[in-house]
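Input: a single structure, listed below in structure tokens.
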There are 2 protein chains.
Amino acid sequence: MEKLYSIQEVSQILGISKDTLRYYDRIGIVSPSREENKYRRYSKDDLIDLMNIQIMQYVDFSLDEIRGTLNIRKMDNIDPVYCEEVSAFLDAKNAETRKKIAHLEKVSQLLNIAAETLRNFNIESDRRLAKIVREIYMDIRGGEPKYFKEGCDDHQG
Amino acid sequence: MEKLYSIQEVSQILGISKDTLRYYDRIGIVSPSREENKYRRYSKDDLIDLMNIQIMQYVDFSLDEIRGTLNIRKMDNIDPVYCEEVSAFLDAKNAETRKKIAHLEKVSQLLNIAAETLRNFNIESDRRLAKIVREIYMDIRGGEPKYFKEGCDDHQG
DNA sequence: CTTGACATTGGAGTCAACTCCAATGTTATT
DNA sequence: AATAACATTGGAGTTGACTCCAATGTCAAG
């Protein structure tokens, strides 16, 4: 007979709070079996599902997205069409991730230049800062900033 | 006499909703002057503040953080100690950003391998996937995953 | 039986950054 | 005066992922 885990055991093993586990049950993400006293009993497969959830959350999947992909566990043989769908989904997610990385690289650059400019005011760093702020503002608004001033005022980030 | 802008004008110029502008006023981030009829009147300096807010939000500052840094605008001469504080804050923000980038690079790698594995099951890609999932799980929990299985089941991401 | 540690349910609250809506007032044009 | 487009305020709602809490039941050990 396979070992079943209480909610407290699962919480300790996986570092997921009991309330969160109840929440996942309530919204239908991971629904363990129940004893006669209504206590939840988690199987090893339930624990694997939960671990997959943790990994997918690391990857920034929403719970809705997670709900969609967990279903593949339940299938006896692997449907190639479904695998292709998930694969395409993962590719889209990756494209999104690459975009975020590009955004954060620009942010990092801006923060570098802003910090440097605050420490050491000179024409060159002012110029570099103004340049990147313009680029960023184009990202934000798709146009040139109309009201722009030189000096420390612009160095907020 | 300097031109003052109505809330509708500001909203159109900067692409910030009127309700958001009122919200910023209410929480004390940008508080324009008022006419006798209580209508808000934004100065050019208010607009510059709002543009700085947009840039700082691009950089992922919370409104609380933004509130803290906007004060530098209000000072007649620049206090070097304050500049050093802001500079240090920007450095900390940048370190955070670099961490996020590292995290996202790992995510991107995982998504790549997962998608590839789903498209083309073979020992090599399974192995690579298992390896990176283990690394990620160590990030999440600081330990080895205890209940691990091979196969498509693990390929959720 | 008592006590303490566990469980359950139902339902509301938290968070940050907005967003919506009703009621009311203001302005400018016809 | 009527109308339309603007403004205001106050206050509640939205979002997604939890988190808290009161009331009640269950279990195991002393």
Side-chain angles (χ1 to χ4, degrees), chain A residues 3-43 46 49-70 93 96 100 140-141 157, chain B residues 3-43 46 49-70 93 96 100 140-141 157:
Chain A
K3 162 141 171 99
L4 296 177
Y5 300 85
S6 73
I7 195 166
Q8 165 134 285
E9 283 172 315
V10 176
S11 176
Q12 278 170 356
I13 290 168
L14 297 182
I16 301 172
S17 81
K18 285 183 279 187
D19 267 326
T20 301
L21 292 167
R22 290 186 196 111
Y23 173 66
Y24 289 165
D25 186 5
R26 192 182 322 141
I27 64 174
I29 297 263
V30 173
S31 301
S33 58
R34 297 291 186 112
E35 287 184 17
E36 293 233 333
N37 61 11
K38 292 211 194 178
Y39 283 21
R40 290 175 178 85
R41 285 280 137 181
Y42 289 83
S43 69
D46 290 330
D49 280 350
L50 289 165
M51 287 169 78
N52 279 328
I53 289 169
Q54 286 176 311
I55 289 171
M56 284 186 273
Q57 286 182 323
Y58 182 91
V59 180
D60 215 29
F61 278 40
S62 67
L63 287 181
D64 243 8
E65 285 169 329
I66 289 169
R67 193 200 317 263
T69 56
L70 265 184
K93 204 79 189 161
E96 200 181 303
K100 280 184 194 162
I140 292 170
R141 296 282 286 133
Chain B
K3 161 137 172 102
L4 296 176
Y5 300 85
S6 73
I7 194 166
Q8 165 134 287
E9 283 172 315
V10 176
S11 178
Q12 278 170 354
I13 291 168
L14 297 183
I16 302 172
S17 79
K18 284 183 281 188
D19 267 325
T20 301
L21 292 167
R22 290 187 196 111
Y23 174 64
Y24 289 163
D25 187 2
R26 191 183 323 143
I27 64 174
I29 296 263
V30 173
S31 301
S33 56
R34 297 291 186 112
E35 287 184 18
E36 293 232 333
N37 60 11
K38 293 208 186 180
Y39 282 24
R40 290 176 177 83
R41 285 279 138 182
Y42 291 84
S43 69
D46 291 330
D49 280 351
L50 289 164
M51 286 168 77
N52 280 326
I53 287 169
Q54 286 176 312
I55 288 170
M56 283 187 272
Q57 285 182 322
Y58 182 91
V59 182
D60 214 29
F61 279 41
S62 67
L63 287 180
D64 244 8
E65 285 170 329
I66 288 170
R67 193 199 317 262
T69 57
L70 264 184
K93 203 77 189 164
E96 202 182 299
K100 280 185 194 164
I140 292 169
R141 295 282 287 137

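Quick caveat: nothing in here was measured; it's all calculated off a predicted structure. Order of the sequence lines sets the chain letters (A, B, ...), proteins ahead of strands, with each chain counted from 1. Atom set for the values below is all heavy atoms of this structure, side chains included, hydrogens, waters and symmetry mates excluded.
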>> Please evaluate residues B:K3 and B:E9 with respect to the criterion salt bridge (Lys or Arg N to Asp or Glu O under 4.0 Å), reporting the C-alpha separation (whole Å), side-chain torsions for both, the decisive distance (0.1 Å), and the verdict.
In response: CA-CA 12 Å; B:K3 161 137 172 102; B:E9 283 172 315; 3.2 Å; yes
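Contact annotation: B:T20 side-chain N/O to C:dT19 OP1/OP2 distance is under 4.0 Å. Note on A:R40: every side-chain N or O is 4.0 Å or more away from OP1 and OP2 of C:dA7. Between A:S17 and the phosphate of D:dT19, there is a side-chain N or O to OP1/OP2 separation shorter than 4.0 Å. Look at B:K38 and you won't find any side-chain N or O under 4.0 angstrom from OP1 or OP2 of D:dA7. OP1 or OP2 of D:dC27 has at least one side-chain nitrogen or oxygen of A:N37 nearer than 4.0 Å. OP1 or OP2 of C:dC18 lies within a sub-4.0 Å distance of a side-chain N or O belonging to B:Q57. Contact between the side-chain N/O atoms of A:Y24 and the OP1/OP2 oxygens of D:dC18 is found at a separation under 4.0 Å. For A:R22 and C:dT8, the shortest distance from a side-chain N or O to OP1 or OP2 is below 4.0 Å. Residue A:R67 places no side-chain N or O under 4.0 Å from the OP1 or OP2 atom of D:dA17.
The NZ-P distance, from B:K18 to C:dC21, rounds to 14 Å in whole Å. Counting to the nearest Å, the P atom of C:dA17 and the CD1 atom of B:I27 are 7 Å from each other. The separation between B:L21 atom CG and D:dT8 atom C1' is 14 Å, rounded to whole Å. Rounded to an integer number of Å, the gap from A:I7 CD1 to D:dT26 C1' is 15 Å. Rounded to whole Å, atom P of D:dA17 lies 4 Å from atom CG of A:L63. In this structure, B:R26 atom CZ and C:dC20 atom P are separated by 14 Å, rounded to whole Å. The OH-C1' distance, from B:Y39 to D:dC6, rounds to 5 Å in whole Å. The CD1 atom of A:I29 sits 8 Å away from the P atom of D:dA17 (whole-angstrom rounding).
Distances were taken from every side-chain heavy atom of A:S6 (C-beta onward) to each of C:dA7, D:dC18, D:dC6; the shortest belongs to C:dA7.
The 5' end of DNA chain D is approached more closely, in terms of each residue's nearest nucleotide, by B:E9 than by the other of B:E9 and B:D19.
By the side-chain contact (heavy atoms from CB on, under 4.5 Å) test, B:R34 pairs with B:D25, B:K38, B:R40, sequence neighbours left out. Scanning for ring pair (Phe, Tyr, Trp, His ring centres under 6.0 Å) contacts around B:Y58 gives A:H103, with sequence neighbours left out.
To the nearest 0.5 Å, atom CG of residue A:D60 and atom NZ of residue A:K100 are 4.0 Å apart.
The minimum heavy-atom distance between B:K18 and B:I7, with the atom names listed, is O-CD1, 3.7 Å. The two residues A:R41 and A:L4 have their closest heavy-atom pair at NH1-O, 3.5 Å.
Comparing the helix axis at one end of the helix from C:dC1-D:dG30 to C:dT30-D:dA1 with that at the other, each defined from 5 consecutive pairs, gives an inter-axis angle of 30° (nearest 10°).
Using a 4.5 Å heavy-atom threshold, the side chains of B:L63 and B:Q57 count as touching. Proximity of B:L50 to B:L21: side-chain heavy atoms (C-beta onward) are separated by under 4.5 Å at one or more points.
Heavy atoms of B:R41 sit nowhere under 4.0 angstrom from any nucleic acid atom.
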